[in-house]
Amino acid sequence: MAEIEHVLQSFTFHHADGNTDMVLEAYKYALEKHEGQKRRSGEPYIVHPMSVAKIAADMGLCEPSICAALLHDVIEDTDTTREEIKEKFGEDVALLVEGLTKLDNVHFVHKEERQAESFRKMLIATVDDIRILLIKLADRLHNMSTLSALPPEKQERIAQETRDIYTPIAGRLGLAWLKADLDDLSFKYLEPEEYNRLAKEVKMTRRERIVFINRVKNQLQRLLVERGFDADVSGRLKNLHSIHMKMQRKDLAFEKIHDAIAFRVLCESIEQCYAIFGIVHSKWIPVPGYIKDYIAMPKANHYQSLHTTVVGDGGERMEIQIRTKEMHQIAEYGIAAHWAYKEGQKNTEKDVYLWLREILENQSDLDDSREFFDSVKVDLLHEDVFVFTPAGEIKTLSNGATPLDFAYAIHTEVGNHCRGARVNGVMVPFDTELRSGDHIEIITANEQRPSLAWLDIAKTSRARNKIKAYLRTEQREQSLQVGKSLLEKALRRSGISYNKMLKSRALDSLAPRYKLSGANDVIAAIGYGKLDENSVAYDLMPDDAKETAKSHIKESAFEKLLRKVKWQDDGIIIDGVDNMLVHFAKCCNPLPGEPVIGYISRGRGIIVHRQGCQQAAYLEKDRQTKVLWSQNATNKRPVKLQIISGDRPGILATLSNTFMNKQINIASVHCDTSDPGGAVSTFTFPIDNVTKLNELIRTLKQTKGVYEVNRLQS
C-alpha cells in the first residue's frame, strides 16, 4: 500500500476534493488482476500501471484518468472485459481503458506499417478524448525508464519511435518536463557514447555550476526586491539532450557552451514581466538575436514567456525566462493544466483538440498509413515561425515554410490559385523561406493551377497534401478524357454508339464485374491502363456479335504499344508505338523545336512533355519513349508568360505592341497594378515553335522598365 500513497498524494495535491476512494479501488482491482505476472525486468507487473498512474497524477489529470492508468493493461493482459470495467468504475473509465487497449492491438506484417497505423489510430482516438494520449505518454515515459531490461535492438527501435513521435507530441501538448525526460532517455539509448561522455562532463562541473546558479539567483532576487517586485527566481542546468543539440548546432565542445544554464523568474502579471525584462537588461548586456517574446506571439501549444540571453558579470552567458505563474502552469503542464488548474485558465482542451483536428484534416487526403505517419512527423519536428496576413492576423507555420505554404494555410482555393506573393511589400519567388514577423500578401489568378513542381516548394504537410490531392484529381480527369477517346474508338469498330451506350447505362451495369462503382470509374480505369478498352467493348456487345469479335482481340493494349514501328501524329514522330493517340502535357505545353520526351500513359495515349519538365521527372522510366518533332510540325500550342515591370504609364501598350510586331495574337492578358512598386502582367497566346518564343522573350527583356520575364506552367 505504500506505493499507491505516492499516487494519492500527487492526485490530491492537484485535486483537493478528488475521490481517492475510487482511485484506491482501481489500484486494488489492478493488483488482483495482475497477480503473479512479471515484467521483463523480473519485477511484479503492477509496478508498471502504478508508475503510469503516478506520472498521470503528476500531470494533474482527473480521477477517471488515474483509474484508467492503473487499469490500462487489464483488458489486454488478463481475462477482464470492458463490461466489467464499466460496471465497477463507470463508462468514462471504461472508454479510456478501451481506447488505450485498441492502440496496442494493431497487427501488421511490416513493423513500419504497424507503427504508422498505430500512430494514426492514436491521433484519431485522441480527437475523441485527449486523456487517451496523455495516459499513453505517461505509459511511454515509464517504459522508456525501464528500457534497459529489453534486448539492444528493441531498445533502439523503441527509443527511435519515442524521439520521432512521442517527444514532439509532448512538446506540442506543452508538457515541457515530460518532453525533456523523453529527450534524455531517447538520447541515452540512441547515442550511448555521446550520452555517457556528456553526463560525465556535466557531473564533473556540477559543483561549480551549482555555486554559479546560487550566486546569480541571489543576485537577481535582491535586484528585484530592491525594485519592489515579489518574484520567484530559480536556476537550472538544461537537460542533457538540449545541451547536446546546442553542441551539435554550434560545433562546440561542452566547455564552450556558455548558456547551458537557464534562470526563471515567475511574477504576477504581464506588466511585471516586461518591467522585469527591462531591469534584467539594465543589469546585464543582452546578446543580440537571442531575445524572444512568446507573450505577444505564443507558441502553437500556448506557451508564453519572455526569453533573453545575457552576458553575466563573469562573462558567462545565461538564459533568463520571465513569465507569470499562470504561464508557468501552462508551460509545465500544457493541456493537462485544464484539469489541474481550471480556475482562470485560458488554455483548455478545446485548443489542443483544434490542433489535433487540424492535423487529421491536413492528412485527410492520405489513405496510406505510412505516408500519413511521415507527413505528420514533418509538422511535429519543425519549429514554428509567426507571420502576418494583410489584415494583421498571426499565422503559425513550420520553420522553412514558403509563401505557397502560407497560401494553403489561408485556404485551399487560395493555394490552388496562388500566382505570386509579396513579402513585406516586395514580390518574391514561391520558394522564399519565410521568417517570423514577415507580412505576406498572396496574389491569385483563376487560371493558375498547382503543378508537380510545387511539391518541391511546399514544406508543410497541409500544403503538400492539398497539392497531391489536386494532382490526383487532375490525373483522374485526364484519365477520363483518354479513356473516353479509347473506348469511343473501340466501340466504333464494334458498331456501337458511345453516346447510346452511356444513355442505356450499360456501362454502369457492367461496372461491378470489374469491381468498380460506375461508368466513370470504368472509363477512368481504361485511361489509367487498368482495363483494356477492347475487352470492355467486347463485354458491351450483344451475344451474337461476340464470336465474330473474338478473332480481333489477340493481344493486350500494352503489348500493341511495344511493337517496333514508327508512327507520325500531330507533328510528333513516335519511336516504337503503333496507331497512337497523342496528347500534349498541359503542365509544360511543349512547342515544336523544343526537346521533348514521350510517356506511354496507362490508357495507350502518348503524353508529350518538354525535356526538363519537373512533372515529367517523376514519370515511370519504363514507360518513357523517344519522341521527335517532325520537320513539318506546325501545330500551335498555348504559352503563358508572366512579365514583371515598373508600373509606368503605357507599359501594357508597349508590351502588347511587342507581340503585334512579332505577329503574335494575344489570346488573353491580365495586368495587376495593385502594388505601388510595379506591375505583373500575364499574357496567354498561341505560338508554333520555340525559336519564335525565345525571340519574343529576348525582345521583352530588352524593353525599358521590364524586370523579369517567366514562362509559366498552365
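If you're wondering where the values come from, they're calculated on a predicted model, not measured in any experiment.
At a threshold of 4.5 Å between non-hydrogen side-chain atoms, the residues Val310 and Ile320 count as touching. Proximity of Ser668 to Phe683: side-chain heavy atoms (C-beta onward) are nowhere separated by under 4.5 Å. The shortest distance between side-chain heavy atoms of Ile291 and His307 does not fall below 4.5 Å. Counting heavy atoms from C-beta outward, Ile330 and Tyr303 have side chains that stay 4.5 Å or more apart. The shortest distance between side-chain heavy atoms of Thr684 and Ile666 does not fall below 4.5 Å. A heavy-atom distance below 4.5 Å is found between the side chains of Leu696 and Phe685. The closest side-chain heavy-atom distance from Arg610 to Arg711 is below 4.5 Å. Here the side chains of Cys418 and Tyr408 are not in contact, with every heavy-atom distance at 4.5 Å or above.
Between the side chain of Asp438 and the backbone N or O of Ile440, no donor-acceptor pair lies under 3.5 Å. Using a distance-only test at 3.5 Å, with no hydrogens or angles considered, a donor-acceptor pair links the side chain of Ser305 to the main chain of Ile322. Panel note: side chain Thr324, backbone Met327; a donor-acceptor pair is recorded below 3.5 Å. Although no hydrogens or angles enter the test, the distance criterion places a donor-acceptor pair under 3.5 Å between the side chain of Ser656 and the main chain of Leu652. One N or O on the side chain of Glu594 and one on the backbone of Leu591 form a donor-acceptor pair closer than 3.5 Å.
We find the CG-NZ distance between Leu434 and Lys459 to be 11.5 Å, quoted to the nearest 0.5 Å. Rounding to the nearest 0.5 angstrom, the gap separating the CD1 atom in Ile697 from the CD atom in Gln702 is 12.0 Å. With values rounded to the nearest 0.5 angstrom, Ile607 atom CD1 is found 6.5 Å from His609 atom NE2. With rounding to the nearest 0.5 Å, the separation of NZ in Lys640 from CG in Asn589 is 9.0 Å. Summarising the geometry, atom CD belonging to Glu413 is positioned 10.0 Å from atom OG1 belonging to Thr444; distances are rounded to the nearest 0.5 Å. The structure places CD1 of Ile687 at 10.5 Å from CG of Asn665, a figure rounded to the nearest 0.5 Å.
Between Glu447 and Arg449 there is no salt bridge, since no side-chain nitrogen of the basic residue lies less than 4.0 Å from a carboxylate oxygen of the acidic one. Using a cut-off of 4.0 Å between Lys/Arg side-chain N and Asp/Glu carboxylate O, Arg464 and Asp456 are scored as not salt-bridged. Salt bridge status for Asp405 with Arg462: absent, with no side-chain N to carboxylate O gap under 4.0 Å.
Taking the side chain to side chain contact (heavy atoms under 4.5 Å, CB included) definition, one finds that Gln481 meets it with Lys586, sequence neighbours left out.
The minimum heavy-atom distance between Leu480 and Asn520, with the atom names listed, is CD2-O, 3.3 Å. Of all heavy-atom pairs spanning Val690 and Gly593, the tightest one is CG1-C, 3.6 Å. For the residue pair Phe584 and Pro590, the shortest heavy atom distance occurs at CD2-CG, 3.8 Å. Considering every non-hydrogen atom in both Pro429 and Pro403, the closest pair reads O-CG, 4.1 Å. Shortest non-hydrogen contact noted between Gly598 and Val627 is N-CG2, 3.3 Å. Nearest heavy-atom pair, Thr460 versus Ala401, reported as atom, atom and distance to 0.1 Å: CG2-CB, 4.3 Å.
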Could you go through Gln448 and Thr682, starting from their C-alpha distance and side-chain angles, then the distance that decides it, and tell me whether this counts as side-chain contact (heavy atoms from CB on, under 4.5 Å)? CA-CA 11 Å; Gln448 184 68 55; Thr682 304; over 6 Å; no
Decide yes or no on ring pair (Phe, Tyr, Trp, His ring centres under 6.0 Å) for Phe277 and Trp284, but give the supporting numbers first. CA-CA 11 Å; Phe277 192 62; Trp284 294 294; over 10 Å; no
Evaluation steps, side-chain contact (heavy atoms from CB on, under 4.5 Å), between Leu404 and Ile467: CA-CA 10 Å; Leu404 198 56; Ile467 294 167; 4.2 Å; yes
Check the pair Leu455, Lys468 against side-chain contact (heavy atoms from CB on, under 4.5 Å), reporting the backbone distance first and the verdict last. CA-CA 8 Å; Leu455 291 175; Lys468 288 177 184 177; 3.9 Å; yes
Could you give me the CA-CA distance, side-chain angles and deciding distance for Val680 and Gln642, then say whether side-chain contact (heavy atoms from CB on, under 4.5 Å) is met? CA-CA 7 Å; Val680 180; Gln642 182 190 71; 3.8 Å; yes
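Within 6.0 Å of the CG atom in Asn661, the count of heavy atoms belonging to other residues, nucleotides or ligands exceeds 12.
Using a 3.5 Å distance cut-off with no hydrogens or angles, the side chains of Tyr294 and Arg323 do not pair a donor with an acceptor. With no hydrogens or angles considered, a side-chain donor-acceptor pair links Asn710 and Glu708 at under 3.5 Å. In the model, Asp293 has a side-chain atom that pairs as donor or acceptor with a side-chain atom of Tyr274 under 3.5 Å. Ser681 and His670 share no donor-acceptor pair across their side chains, judged by distance under 3.5 Å alone. His439 and Arg422 are not linked by any side-chain donor-acceptor pair at a separation below 3.5 angstrom, with hydrogens and angles left out of the test.
With Phe388 as the aromatic partner, Lys395 does not meet the cation-pi criteria of under 6.0 angstrom to the ring centre and within 45 degrees of the ring axis.
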